[in-house]
Amino acid sequence: MAKEKVFIFDTTLRDGEQVPGCKLNTEEKIKLALKLEELGVDIIEAGFPVSSPGDFKSVEEISRAIKNATVTGLTRAVENDIVVAAQALKDAVNPRIHTGIGSSDNHIKYKFNATREQILERAIAAVKLARNLVPEVEFYAEDAGRADLEFLARLIEATIDAGATIMNIPDTTGSCLPHEYQYKMEYLMNHVPNIDKAILSCHCHNDLGLATANSIAGAIGGARQIECTINGIGERAGNTSLEEVVMVIKKHPSLNLYTDIDTTKLLPMSKLVSDTMRMVVQPNKAVVGDNAYSHSSGIHQDGFLKEATTYEIIAPHEVGADASHIVLTARSGRSALAYRFKNLGYSFDRNQVDDLYQQFLAVADIKKEVEDSDLREMAEKVESIV
Ligand code: KIV
Ligand code: ZN
């Protein structure tokens with residue numbers, strides 16, 4: 001069976017940029033958008049045009065700069081939002097309006113003080129208006145993670161009839177378990193009569209650390225678009241991390257899925273977003289963290305030096321990292337020490353390494369990490385004795 005494509009919808013510039021302190025100016029947004037296109041993302045969510053003149057300008061400029069990817073702008077199910085978004089997107093080669101409304105009873109009651117029927121009407125009207133202004137419309141059923149399934153299915157059916165062709169099922173509060181989110185997708189695939197006219201999209205938040213797992217579960221359940229951000233940045237605990245879902249799909253051929261992302265550009269992209277947004281990536285972050293290809297304990301180092309795949313399922317070059325690192329700490333062993341000496345141009349016999357190892361441990365117990373300068377100092381003492 002041929003592999004099926006999962007479209008990658010990047011929302012770093014919209015949901016990601018909502019992180020306090022990560023606000024970007026138009027120039028920065030254009031630079032990132034061009035790099036996202038080079039990375040191979042299919043859809044770039046450039047902003048929320050009605051939210052501010054600056055965001056309108058960013059969406060407008062990105063629409064002009066991007067030549068292959070689809071460019072989208074977020075709106076509420078509000079006439080003016082949709083009209084303004086269409087204006088901002090007017091020069092895009094492939095424009096898409098991303099409109100929607102709350103779908104859970106919680107949102108319907110507390111955010112909209114409305115009934116399910118009123119929400120249905122507003123959703124249909126928003127999609128019809130958007131569809132009159134741009135060729136492609138994505139509908140989001142906000143807080144779908146907590147929505148009643150039968151109502152969600154009605155909402156999706158009605159908005160597909162109104163002209164939307166991408167159905168975003170957000171787990172807005174990050175509350176779903178993977179099997180629940182998968183079931184939601186399966187339920188919609190099986191209970192929405194016109195679902196063949198649309199594709200389902202995963203949009204998961206990371207409040208319980210499940211955003212990546214949920215997005216993959218959603219794809220197993222039938223979704224063919226995943227919404228995500230570089231480094232997983234986003235509201236509260238963040239969104240699904242682009243680099244994680246892409247590498248899960250790449251590393252698990254049994255999923256029978258693929259993306260068009262050039263994975264060798266993942267690390268440079270992560271660094272660019274981190275630098276531009278001034279938001280550090282946690283060192284142990286999957287795929288792009290500083291420690292993701294570092295080995296520091298003796299047992300792991302010994303195995304890794306015999307055969308890298310003993311402790312690495314991703315080769316660093318696959319994601320654009322230069323190499324794996326053998327980090328020397330008090331937990332490191334002799335083989336790691338010998339390896340690092342060899343890299344510095346020293347070759348010691350077994351007895352010498354044994355002696356040096358005792359000196360090394362003394363230093364390692366004081367310092368967190370033993371560096372090349374420490375090793376040189378030790379090596380030179382041995383060489384002067386010889
Ligand atoms: O998390 C969410 O529900 C969203 C929608 C606005 C798409 O970001
Ligand atoms: Zn979101």
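Every number for a ligand or one of its atoms is a count from 1 in the order of the listing.
- Residue Glu142 has at least one heavy-atom neighbour below 4.0 Å for each of these atoms of ligand 1: 3 (O).
- For Tyr187 and His191, the ring centers sit closer than 6.0 Å to each other.
- Under 4.0 angstrom from ligand 1, there are no non-hydrogen atoms of Glu227.
- Counting heavy atoms under 4.0 Å from ligand 1, residue Arg14 touches it through the side chain alone.
- A ring-centre distance under 6.0 Å is found for His98 and Tyr140.
- The shortest N or O to N or O distance between Asp143 and ligand 1 is not below 3.5 Å.
- The proximity of His205 to ligand 1, defined as any non-hydrogen pair under 4.0 Å, is limited to the side chain.
- Of the charged side-chain nitrogens involved, at least one lies within less than 4.0 Å of a carboxylate oxygen, so that Lys29 and Asp55 count as a salt-bridged pair.
- Counting atoms of ligand 1 from 1 in the listed order, those under 4.0 Å from a heavy atom of Asn168 are 7 (C).
- The residue Thr11 has no part lying near ligand 1, judged by heavy-atom distances below 4.0 Å.
- Between Thr172 and ligand 1, a contact under 3.5 Å exists for at least one N or O pair.
- Under the 4.0 Å criterion applied to side-chain N and carboxylate O atoms, Glu117 and Arg154 are assigned as salt-bridge partners.
- In this structure, Lys342 is not positioned above the aromatic face of Tyr346 in the sense of NZ or CZ being under 6.0 Å from the six-membered ring centre and within 45° of the axis.
- Distances from the Zn ion (ligand 2) to each N, O or S atom of Asp15 single out OD2 as the nearest.
- Taking every heavy atom of His203 and a limit of under 4.0 angstrom, the matching atoms of ligand 1 come to 1 (O), 2 (C), 4 (C), 7 (C), 8 (O).
- Heavy-atom proximity to Asp15, at under 4.0 Å, picks out these atoms of ligand 1: 8 (O).
- Taking backbone and side-chain atoms together, Glu235 has no N/O/S atom less than 2.8 Å away from the Zn ion (ligand 2).
- By the 4.0 Å N-to-carboxylate-O rule, Glu235 lies too far from Arg14 to be salt-bridged with it.
- Look at Lys31 and Glu28 and you find no salt bridge, because none of the NZ, NE, NH1 or NH2 atoms lies under 4.0 Å from a carboxylate O.
- Here the CD-OG distance, from Glu17 to Ser51, works out to 8.0 Å after rounding to the nearest 0.5 Å.
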